[in-house]
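For reference, positions follow the sequence shown, starting with 1.
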Amino acid sequence: VQLQASGGGLVQAGGSLRLSCAASTIPSGLYAIGWFRQAPGKEREFVAVTGWSSGITYYTDSVKGRFTISRDNAKNTVYLQMNSLKPEDTAVYYCAGGRYGLGRSASLYDYWGQGTQVTVSS
């Protein structure tokens with residue numbers, strides 16, 4: 001399974017971006033697709049997750065009300081709509097596929113994309 005993340009870029013604070021995560025195939029047992037991010041000098045952190053079949057979503061507190069995760073099963077693609085972006089959202093964003101529930105821990109995810117850079121200027 002290959003996950004291709006795209007849509008990153010440079011945006012001013014208050015702006016918006018939409019990230020996409022396209023899967024080459026959907027493996028048997030895939031349960032969730034999540035987004036994580038990693039800023040320079042920091043650990044990778046959970047951002048949002050959606051159940052691949054259920055559509056149930058969870059978010060980290062810092063993005064609630066600003067980010068929306070959604071999926072298009074027909075296109076094997078998950079999106080992360082990011083609004084009201086802040087400089088502290090600057091990071092490399094990764095999508096990941098997991099088979100073990102809607103977890104927040106990166107260790108629960110088996111498949112990882114290459115990452116896309118999001119830079120928010122103040």
> Taking only distance into account, with no hydrogens and no angle test, what donor-acceptor pairs under 3.5 Å do side-chain atoms of residues 41-48 form with protein atoms, sequence neighbours excluded?
{"unit_1": "E45", "atom_1": "OE2", "unit_2": "R37", "atom_2": "NE", "d": "2.6"}
{"unit_1": "E45", "atom_1": "OE2", "unit_2": "R37", "atom_2": "NH2", "d": "3.2"}

> Starting from V63, can I reach V118 by hopping between I/L/V/M/F/W/Y residues whose side chains sit under 4.5 Å apart?
yes

> Any sub-3.5 Å donor-acceptor pair from Y59's side-chain atoms to I69's backbone N or O?
yes

> Quick check on the hydrophobic clustering: are L10 and V120 connected, directly or via other members, by side-chain heavy-atom contacts under 4.5 Å?
no

> Can you name the closest pair of heavy atoms from Y109 and A96 and give their distance?
CD2-O, 3.6 Å

> Would you find more than 12 non-hydrogen atoms of other residues, nucleotides or ligands less than 6.0 Å from Y58 atom OH?
no

> Will you find, in the side chains of Q117 and T119, an N or O donor that is under 3.5 Å from an N or O acceptor?
yes

> Are Y31 and I26 grouped together when hydrophobic residues (ILVMFWY) are joined by side-chain heavy atoms under 4.5 angstrom apart?
no

> Output the distance between atom CG (N83) and atom CG (L17), rounded to the nearest 0.5 Å.
9.5 Å

> What heavy-atom pair brings C95 and A5 nearest, and what distance separates the two atoms?
SG-CB, 4.1 Å

> If I compare all heavy atoms of A23 with all of L3, which pair ends up nearest, and what's the gap?
CB-CD2, 3.6 Å

> Mind listing the closest non-hydrogen atom pair of S122 and A13 along with its distance?
CA-CB, 4.4 Å

> Could you check whether the rings of Y93 and F67 sit parallel, tilted or perpendicular, using 30° and 60° as the cut-offs?
tilted

> Checking R71 side chain against S53 main chain: does a donor-acceptor pair fall under 3.5 Å?
yes

> To the nearest 0.5 angstrom, please state how far the CD atom of E88 sits from the OG atom of S62.
8.5 Å

> Any chance you could lay out the side chain to side chain contact (heavy atoms under 4.5 Å, CB included) test for R66 and M82, step after step, and finish with the verdict?
CA-CA 6 Å; R66 300 188 298 123; M82 305 187 296; over 6 Å; no

> I need the T68 OG1 to L80 CG distance, nearest 0.5 Å.
8.0 Å

> Which value, rounded to the nearest 0.5 Å, describes the distance between T50 atom OG1 and Y79 atom OH?
12.5 Å

> So which heavy atom on L19 is nearest to which on T116, and how close?
CD2-CG2, 4.0 Å

> State whether K64 and D61 are salt-bridged, where the test is any N-O pair (Lys NZ or Arg NE/NH1/NH2 against Asp/Glu carboxylate O) under 4.0 Å.
yes

> Of all heavy-atom pairs between I33 and C21, which one has the smallest distance, and what is that distance?
CG2-SG, 4.4 Å

> For residues F36 and L102: do they belong to one hydrophobic cluster (side chain heavy atoms under 4.5 Å, members Ile, Leu, Val, Met, Phe, Trp, Tyr)?
yes

> For the atom pair OH (Y100) and OG (S105), what is the distance rounded to the nearest 0.5 Å?
12.5 Å

> Is there a donor-acceptor pair closer than 3.5 Å between any side-chain N or O of N73 and the backbone N or O of W52?
yes

